[in-house]
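One is the number of the first residue; the rest follow in order along the sequence.
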Amino acid sequence: MRQALFGLGLLLASSPLAACGRLAQAPECAAYVDCVKARDARLLTTTDVERFEASGACWNNGDLATGCQKACTRGRAWLGSLSGAPKECAP
């Protein structure tokens, strides 16, 4: 019985559902969120960047975080290349 419980404990401990806490927001995404918010303020609009914020869904697991980090890097580069981009979007 003790071995069965130990095995179950190992299985649960290695499960993604057993992860303690969230991943930290990537610096690239913090910069991207700042860029988008500065651009939104200039254009008087609102862009949904909630998933990229520190409390967003991007930081729930490593695979998702990697994709989000790449998206933030590309998004900020693209916004920074636009004419009249805010200083927060500069590379």
Side-chain angles (χ1 to χ4, degrees):
M1 176 71 166
R2 190 176 280 174
Q3 275 185 317
L5 289 175
F6 180 73
L8 180 61
L10 285 177
L11 177 65
L12 290 174
S14 63
S15 166
L17 298 176
C20 295
R22 300 169 46 80
L23 299 170
Q25 180 190 36
E28 295 87 350
C29 286
Y32 174 68
V33 169
D34 289 345
C35 166
V36 171
K37 288 184 176 185
R39 187 169 188 270
D40 283 356
R42 186 176 286 179
L43 298 175
L44 303 175
T45 190
T46 302
T47 302
D48 180 8
V49 291
E50 185 176 317
R51 68 185 165 278
F52 299 113
E53 292 177 348
S55 61
C58 283
W59 320 115
N60 287 338
N61 71 59
D63 290 337
L64 190 57
T66 299
C68 289
Q69 183 178 1
K70 289 177 183 177
C72 289
T73 300
R74 286 187 294 243
R76 186 165 171 242
W78 179 75
L79 289 172
S81 73
L82 298 176
S83 176
K87 64 179 174 54
E88 290 84 354
C89 298

Q: Enter the distance from Arg74:CZ to Tyr32:OH here, rounded to the nearest 0.5 Å.
A: 11.0 Å
Q) Does anything in residues 36-62 pair up under salt bridge (charged side-chain N to carboxylate O under 4.0 Å, His left out), and if so which pairs, sequence neighbours excluded? A)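 Found Lys37-Glu53.
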Q) Taking the hydrophobic residues Ile, Leu, Val, Met, Phe, Trp and Tyr, and joining any pair whose side-chain heavy atoms are under 4.5 Å apart, which ones share a cluster with Leu43? A)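 The other cluster members (ILVMFWY side chains, heavy atoms under 4.5 Å, direct or chained): none.
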Looking at every heavy atom in both [X] and [Y], which two are closest together, and how far apart are they?
X	Y	answer
Pro86	Cys35	CG-O, 4.4 Å
Trp59	Ala54	CD1-O, 3.5 Å
Cys29	Cys68	SG-O, 3.5 Å

Q | Donor-acceptor under 3.5 Å (Gln25 side chain, Phe52 main chain) | A | yes
(Q) Under the rule for side-chain hydrogen bond (donor to acceptor under 3.5 Å, both in side chains), what residues qualify as partners of Glu88, not counting sequence neighbours? (A) none
